[in-house]
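Structure record follows, encoded as structure tokens.
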Amino acid sequence: MTDREMIGSVTLDLTDYSGEDFYTDGAIEDELLEIAKNNPPSAFAQIIAEKKSWPIFYHLSPFRTNIIDWLPIKKTDKVLEIGSGCGAITGTLAKRAGSVTCIDLSKKRSLVNAYRNKEYDNITIKVGNFKDIEPHLEEDFDYVMLIGVFEYGQAYIGGNTPYEDFMRICNRHRKQDGRLIIAIENKFGLKYWAGCREDHLGTYFSGLEGYREGGSARTFTRNGLEAILKRVGIEEYSFYYPYPDYKFMTTVYSDGHLPGKGELSNNLRNFDRERALLFDEKQVFDEIIAEKEFPLFSNSYCLVVGTAPEVLYAKFSNDRDPKWAIQTKIAKNASGHLQVEKLPDTEAAYEHLKNTQKAYELLTKRYEGTKIEINQCSPKDGDVRNGLVFEYCKGVTLESMLDDCRSRNDMSGFRTLVKEYMKWLSYGEDAAVSNIDFIFPNILVEGEKWHIIDYEWTVAEKIASKEIAFRAFYNYILGGQTRKECETLLFQEILGLSDAEMDAAIQKEQMFQRRINGDRVSVSEMRELIGNRAYEFDGMLGYCHYVDTKFVAKLYFDYGEGFCEEHSVEMSGCYVGLQNLLIDYAIPQEAVRVRIDPCSFRCVVGIRSIMLGDRLYVGEDMETNGCWHSCGSLIFDNEDPNITISVTGGGSLHVDMEVMELPEILAAKLVEEASRQDIITKTKSFMKQRIKKSSASALD
């Protein structure tokens, strides 16, 4: 076997490859390889939408690169990517850096990586065990990347201190002013408390319980990671907080810019598995933010070892049509002051930024002389192709102020704020310029000033204030369950919308969103397409209550005077899987008969066994108000099914049955069928007896 292969311009280094892939996800990797071989990356979005598959979405989605796109990677940088897999971030690294060295255990995954990025001549993929490859690596990388890899330290390194050793080994390959980047789940992430399954094991609460059931991966809290850093001797590091998580990050926060109340409302991200919804994560995040505990409960971490990047915050709006795709960053400028930047994510988005600059000029003129201040913007480095630079404004969002009024039950204050909002929304309404994005999160209130911090959806035409207000109100209502209490106030009392007008306005908003998304399927829409459910806590409780009351058996005891409620016992919790009825009960010695009521609905009952001590009861030992079917089961076309057996001397009763509910029509038909079978059987038996008697008479 040759030590090197070329896939397009990508070098596949097989020097340390054993010839066997010990880590595989099976057939899905063959499918990924075929896609990568036969399609350019530009076709992946359409394939993802058509396949509706979590593994394909996870491995091929362009949004995976958000986790590294905010980092200041330069074309002169040398990057080491450990655990590169199918190349989710490799192509972006190759586009932005000077060279990329990848390491992965799987040749098949490395082939997917190579084929999807075959146009790049600055990628080398080393296939094999990290422990075999690592001693031969240089120690002068500008970036060492472990994206979703550090949690597998035990598998990579082994030994008694695998995570300390893994971090120490990886860190020595960055040069002195380089950076080690670790993206990893937080085992105390709020989503796990709220009912998401642990990412690696697929079980509930595994990380919260300390992985007591085992598994090959371990995630950590911030304190846990800092303890490892301390043991390794690393002192220069900073934490960043990808939201909703690092896999499909839309926003990254830092200790220098933490989220504000109301910002964390995009929490339904269970692409891979079904989940529970134990509480409203947006509301809990708001409380966590108010208590200044967000770093403890962030769903993921991005740990940067080395000099902290100047970026304090980044938001990605790149799951739109390419002509609208942008990034928003908060960073320090050369003088150390904070500024906001909007950067084009694609070449097609330059025009959008030019229109945003024009919107600033038009809106400034419209609101001249008022308390409304349009956030000043100018081309970055004198050229809009580099992006736009905005003033960093301070204040509290109008959205947060409204939430605060609701939390204090100050609906008078709530109305006053909305009334003032409507005043400024309609100010200068006759001007041929309208800010469609005049919504609550985009308004920062600082004393008497109202800063309009985002106005990218501004058009040079007159749009009715009522129409824009609907967008603001609708956006607000969708931001949390408790906000829905304001629906009547906002839509009916303030806007005076009828049900028909509401439906029309919602359809118009959905059309607007489809226009923004273009042919792309948004990340949120992918969750719907993949189809994993989110089960609300109230619904689960209601279902449990339903099961507890519906799936209940009863035993009645006859002491020689018949059955009565006084001499009965209810058997809760005796159903397994809603169909299997298991009863173990000590029968009183004085009882002469026992009646078993398996349920209180029409059903078919398959009796596996009814035993009292060593005695096994068969069909002729039982009295029942059901009909025996030819299949050997009992059919009950009534809501009081029962089976009675005779007993003596007590003992341990064991009942094992399969019980399945029947619709009324089906139960009646099955009983009718059983009755016909019974008549036929009896007729045949009668005819046999007559034939026997006739034969005997003839012989006489």
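We number each residue from 1, following the sequence as shown. All values below were derived from every heavy atom in this structure, side-chain atoms included, with hydrogens, water molecules and symmetry-related copies excluded. Given the structure is predicted, the values throughout are model-derived calculations rather than measurements.
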Determine whether [X] and [Y] make a side-chain contact, defined as any pair of heavy atoms from C-beta on separated by less than 4.5 Å.
{"X": "F130", "Y": "C170", "result": "yes"}
{"X": "D104", "Y": "N113", "result": "no"}
{"X": "L137", "Y": "I103", "result": "yes"}
{"X": "L80", "Y": "R174", "result": "no"}
{"X": "I123", "Y": "C102", "result": "yes"}
{"X": "L264", "Y": "K282", "result": "no"}
{"X": "R483", "Y": "E399", "result": "yes"}
{"X": "N39", "Y": "F44", "result": "yes"}

**OP:** Under the side chain to side chain contact (heavy atoms under 4.5 Å, CB included) rule, what do M6 and T11 come out as? Steps first, then yes or no, please.
**Re:** CA-CA 5 Å; M6 295 301 295; T11 300; 3.4 Å; yes
is_close_aromatic([X], [Y]), centroid dist under 6.0 Å:
{"X": "W193", "Y": "F188", "result": "yes"}
{"X": "Y474", "Y": "F470", "result": "yes"}
{"X": "F150", "Y": "Y163", "result": "yes"}

Hey, does the side chain of [X] reach the backbone of [Y] with a donor-acceptor pair shorter than 3.5 angstrom?
{"X": "D77", "Y": "K74", "answer": "yes"}
{"X": "S110", "Y": "S106", "answer": "yes"}
{"X": "N66", "Y": "T250", "answer": "no"}
{"X": "R109", "Y": "S84", "answer": "no"}
{"X": "K75", "Y": "K95", "answer": "yes"}
{"X": "R116", "Y": "P41", "answer": "no"}
{"X": "S254", "Y": "H257", "answer": "yes"}
{"X": "E198", "Y": "L201", "answer": "yes"}
{"X": "T65", "Y": "P62", "answer": "yes"}
{"X": "D142", "Y": "K78", "answer": "yes"}

**OP:** Take the angle between the ring planes of Y156 and F166 and call it parallel below 30°, perpendicular above 60°, tilted in between.
**Re:** parallel
**OP:** Just say parallel, tilted or perpendicular for the rings of F512 and W457, cut-offs at 30° and 60°.
**Re:** perpendicular
Contact summary for [X] and [Y], nearest pair of heavy atoms:
{"X": "L105", "Y": "Y17", "answer": "O-CE1, 4.2 Å"}
{"X": "I439", "Y": "A472", "answer": "CG2-CA, 3.6 Å"}
{"X": "I35", "Y": "L60", "answer": "CG2-CD1, 3.8 Å"}
{"X": "P72", "Y": "P309", "answer": "CD-CB, 4.0 Å"}
{"X": "Y152", "Y": "A217", "answer": "CE2-CB, 3.8 Å"}
{"X": "L32", "Y": "P55", "answer": "CD2-O, 4.5 Å"}

**OP:** Would you check, one step at a time, whether the test side chain to side chain contact (heavy atoms under 4.5 Å, CB included) holds for F63 with K247?
**Re:** CA-CA 8 Å; F63 308 125; K247 293 184 180 72; over 6 Å; no
**OP:** Report the C-alpha separation of R197 and E274 in whole Å, then their side-chain angles, then the decisive distance to 0.1 Å, and conclude whether the side chain to side chain contact (heavy atoms under 4.5 Å, CB included) test is met.
**Re:** CA-CA 8 Å; R197 296 171 184 255; E274 66 184 16; 3.1 Å; yes
Is it the case that [X] and [Y] place a side-chain donor and acceptor less than 3.5 Å from each other?
{"X": "R527", "Y": "N532", "answer": "no"}
{"X": "T15", "Y": "D13", "answer": "yes"}
{"X": "S522", "Y": "D319", "answer": "no"}
{"X": "H173", "Y": "E134", "answer": "yes"}
{"X": "S206", "Y": "Y192", "answer": "no"}
{"X": "K342", "Y": "T328", "answer": "yes"}
{"X": "R273", "Y": "Y204", "answer": "no"}
{"X": "N267", "Y": "Y243", "answer": "yes"}

Rounded distance (nearest 0.5 Å) linking atom [atom1] of [X] with atom [atom2] of [Y]:
{"X": "Y143", "Y": "L93", "atom1": "OH", "atom2": "CG", "result": "10.0 Å"}
{"X": "R514", "Y": "Q510", "atom1": "CZ", "atom2": "CD", "result": "6.0 Å"}
{"X": "E185", "Y": "D199", "atom1": "CD", "atom2": "CG", "result": "4.5 Å"}
{"X": "C302", "Y": "I181", "atom1": "SG", "atom2": "CD1", "result": "5.5 Å"}
{"X": "D121", "Y": "S99", "atom1": "CG", "atom2": "OG", "result": "10.5 Å"}
{"X": "F316", "Y": "F248", "atom1": "CZ", "atom2": "CZ", "result": "14.0 Å"}

Counting neighbours of [atom1] on [X] that are heavy atoms of other residues, nucleotides or ligands and sit closer than 6.0 Å, is the number greater than 12?
{"X": "K315", "atom1": "NZ", "value": "no"}
{"X": "E661", "atom1": "CD", "value": "yes"}
{"X": "F537", "atom1": "CZ", "value": "no"}

Ion pair check, [X] and [Y], cut-off under 4.0 Å:
{"X": "E281", "Y": "K191", "value": "no"}
{"X": "R515", "Y": "D321", "value": "no"}
{"X": "R96", "Y": "D69", "value": "yes"}

Original post:
Do E5 and K107 pass the salt bridge (Lys or Arg N to Asp or Glu O under 4.0 Å) test, and can you show the C-alpha distance, the side-chain angles, and the key distance before you say yes or no?
Top reply: CA-CA 11 Å; E5 294 180 17; K107 182 179 179 182; 3.4 Å; yes
Subject >> Member of F239, F220, Y246 meeting the ring-ring contact (aromatic ring centres under 6.0 Å, His included) criterion with Y301 >> reply: F239
Original post:
Is there a side chain to side chain contact (heavy atoms under 4.5 Å, CB included) between L353 and I326 once you walk through the steps?
Top reply: CA-CA 9 Å; L353 292 183; I326 62 171; 4.2 Å; yes
**OP:** Mind running side chain to side chain donor-acceptor pair (under 3.5 Å) on E34 and N38 for me, showing each step along the way?
**Re:** CA-CA 6 Å; E34 285 303 306; N38 300 311; 3.3 Å; yes
